[in-house]
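Okay, so here's the structure we're looking at.
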Amino acid sequence: MSIANWGDTREVTAPADFHVHLRDGAISRLVTPHVQKGGFYLAYVMPNLVPPITTTKMATDYKQKLMEHSGSSQVEFLMTLYLSDDLDPSDVKNWKAAGIVGVKSYPRGVTTNSDQGIESYDKYDELFRAMEEHDIVLNLHGEIPSDHSKNTCVLNAEERFLPVLANLAEKYPKLRIVLEHATTAAAVQAVMACGDNVACTITAHHLALTVDDWAGQSFHFCKPVAKFPSDRLALREAIKSGNKKFFLGSDSAPHPILSKSTATPTSGCAAGVYTSPILLPLVAHLLDSFGAIDRLADFTSNFGRDFYQTPLDLQAPRVVVQKVQGVSVQAEYSSEGKTVAPFWAGRTIDWQIVNVEE
């Protein structure tokens, strides 16, 4: 379904990734420069470290470290806090000045470092009212914990969360809400049914994978898991439609190779797919594969920036990608004894960054 010819180019001004994990310590020093390597100049940073980022000082200290690790003054880091009882509604008014843009909600136990996640949103009413007033975004990991007594598992956990999304959107109509990393047709429909205060991120890997791709392949295993071909089609169609509610949040989540490749009788492999170092060429390749390459700039910059109210600077870098014949994805990246493997390691993609105009 490609509509691009070999040698064709597309330009994106200051690509923005509105959901990325940059970890801490040695692995953070390894992966943070990969934001720009993958063609991106804005990173919306997740707070699920150990311990999680729950205070303004923790967020500002973390941002300073990321700026140092990045090695580039051009990459903008937008910070988030981890939704928990530690968040003080009276402090919300100070967040934007500190560079804190959103609060990330993790249902307890559904993904990496979510052991301190929430079980009910009711007790956060005062916090959400303050977030409405001061225009702070609520980012939702849209799953409920597995409960076999209720026939809930990873394959339907997202769909069963969607009534929560609808209730929050209705109860807090001025609260900007993002359903993160949607994986189902039901999620697409739910977001479209909500008002303009609700948007949705879609990852690159969920545009490529279905359940068959991660069953038995740990490097394709992430939370939420990829679902059925019909769900993948719905994500693709949402992008093709040009609906500005849908934009890129990579959920790029690095783990050491041993954590990704190893499971034991008592513990599974780590959940996460790492796309940062190849992100813009990968997204171009995938969008081109289903006839949506002309949505590249909207999906990877314009729509997300509009929702998050982060306008482009007149001097913002313009990244040019070109369709080429088969660029091999590097097998791994290593530093300080840490090694990570990117998505599609050893495979080829048909787009590459050829120029950055500054």
Side-chain angles (χ1 to χ4, degrees), residues 16-29 31-32 34-35 40 42-70 75-89 91-119 121 123-124 127-128 130-131 134-143 168 175-181 199 201 203 222-224 249-255 270-274 276 304 307-308 310:
D17 182 356
F18 283 100
H19 185 130
V20 62
H21 297 269
L22 296 176
R23 308 306 192 204
D24 57 0
I27 197 165
S28 182
R29 290 189 288 274
V31 304
T32 302
H34 292 172
V35 173
F40 282 76
L42 184 151
Y44 192 77
V45 183
M46 294 295 104
N48 58 327
L49 305 184
V50 180
I53 304 296
T54 56
T55 69
T56 300
K57 186 179 188 309
M58 292 174 75
T60 54
D61 288 350
Y62 186 33
K63 181 177 181 178
Q64 182 60 40
K65 289 180 181 179
L66 295 176
M67 293 170 63
E68 294 169 1
H69 298 341
S70 174
V75 178
E76 180 180 9
F77 297 97
L78 301 183
M79 308 309 291
T80 61
L81 298 177
Y82 190 109
L83 182 60
S84 72
D85 294 350
D86 293 332
L87 302 190
D88 182 355
D91 192 39
V92 175
K93 62 181 180 293
N94 303 315
W95 287 352
K96 276 199 171 180
I100 297 167
V101 178
V103 171
K104 178 66 185 296
S105 161
Y106 293 90
R108 183 164 295 175
V110 299
T111 191
T112 302
N113 297 340
S114 63
D115 292 343
Q116 297 184 47
I118 70 164
E119 295 179 340
Y121 290 93
K123 63 181 177 179
Y124 295 110
L127 179 70
F128 292 163
M131 289 169 60
H134 297 286
D135 204 20
I136 299 295
V137 176
L138 175 62
N139 303 96
L140 300 175
H141 182 117
E143 294 184 288
L168 288 170
L175 178 64
R176 286 185 292 150
I177 300 171
V178 179
L179 179 66
E180 299 292 340
H181 41 52
T201 58
T203 76
C222 58
K223 293 286 190 72
S250 73
D251 194 22
S252 180
H255 291 278
V273 171
Y274 186 50
S276 283
F307 186 82
Y308 276 96
T310 56

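Remember, predicted model here, so these are calculated numbers, not experimental data. As a basis for the values below, the full set of heavy atoms in this structure was taken, side chains included, without hydrogen atoms, waters or symmetry mates.
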Contacts of Lys96 that satisfy salt bridge (charged side-chain N to carboxylate O under 4.0 Å, His left out) - sequence neighbours left out: Asp135
Any side-chain donor near an acceptor of the partner, Tyr121 and Ser105, under 3.5 Å: yes
Check: Asp251 and Val273 side chains under 4.5 Å, non-hydrogen atoms: no
Close side-chain approach of Asp85 to Lys123, heavy-atom, < 4.5 Å: yes
With a 4.5 Å heavy-atom cut-off, do Val137 and Phe18 have their side chains touching? no
Under 4.5 Å between any side-chain heavy atoms of Ser252 and Val20, yes or no? yes
Using modelled atom types and a 3.5 Å cut-off, is there a donor and acceptor pairing between side-chain atoms of Ser28 and backbone atoms of Leu22? yes
Side chains of Met79 and Tyr62: does their closest heavy-atom pair fall under 4.5 Å? yes
Which heavy atom in Thr56 sits nearest to a heavy atom in Ala98, and how many Å separate them? CG2-CB, 3.5 Å
State, to 0.1 Å, how close Asp24 and Val50 come at their nearest heavy-atom pair, and which atoms those are. OD2-O, 4.3 Å
How long is the gap from CE on Met46 to CD on Glu180, to the nearest 0.5 Å? 5.5 Å
Under the side-chain contact (heavy atoms from CB on, under 4.5 Å) test, residues paired with Lys65 that sit two or more places apart: His69
Parallel, tilted or perpendicular for His181 and His19, by the 30°/60° rule? tilted
Qualifying residues under side-chain hydrogen bond (donor to acceptor under 3.5 Å, both in side chains), relative to Asp61, sequence neighbours excluded: Lys57
In chain order, what residues pass the side-chain hydrogen bond (donor to acceptor under 3.5 Å, both in side chains) check against Tyr308, with sequence neighbours excluded? Asn139
Rounded to the nearest 0.5 Å, the CZ atom of Arg23 sits from the NE2 atom of His255 at a distance of 4.5 Å
Contact between Ser276 and His21 at the side-chain level, heavy atoms closer than 4.5 Å - yes or no? no
Taking the side chain as every heavy atom from C-beta outward, state whether Val178 and Thr201 have any pair of such atoms under 4.5 Å apart. yes
Test side-chain hydrogen bond (donor to acceptor under 3.5 Å, both in side chains) applied to Thr80 - qualifying residues, sequence neighbours left out: none
Please report the interatomic distance CE(Met131) to CG(Leu87), rounded to the nearest 0.5 Å. 8.5 Å
Between CG on residue Leu168 and OH on residue Tyr124, distance to nearest 0.5 Å: 12.5 Å
When rounded to the nearest 0.5 angstrom, what is the spacing between CD1 in Ile100 and OG1 in Thr60? 7.0 Å
Assess whether side-chain contact (heavy atoms from CB on, under 4.5 Å) is satisfied between Phe40 and Ser250, documenting all intermediate values. CA-CA 11 Å; Phe40 282 76; Ser250 73; over 6 Å; no
Taking all heavy atoms of Tyr274 and all of Val31, pick out the closest pair and write down the distance. OH-CB, 3.2 Å
side-chain contact (heavy atoms from CB on, under 4.5 Å), that's the test. Do Val92 and Leu127 meet it? Break it down for me. CA-CA 8 Å; Val92 175; Leu127 179 70; 3.7 Å; yes
Quick one: does Leu81's side chain get under 4.5 Å of Thr54's, heavy atoms only? no
Non-neighbouring partners of Thr310 that pass side-chain hydrogen bond (donor to acceptor under 3.5 Å, both in side chains), sequence neighbours left out: none
Would you say Met67 has more than 12 foreign heavy atoms packed within less than 6.0 Å of its CE? no
Distance check, rounded to the nearest 0.5 Å: Lys223 atom NZ versus Tyr106 atom OH? 13.0 Å
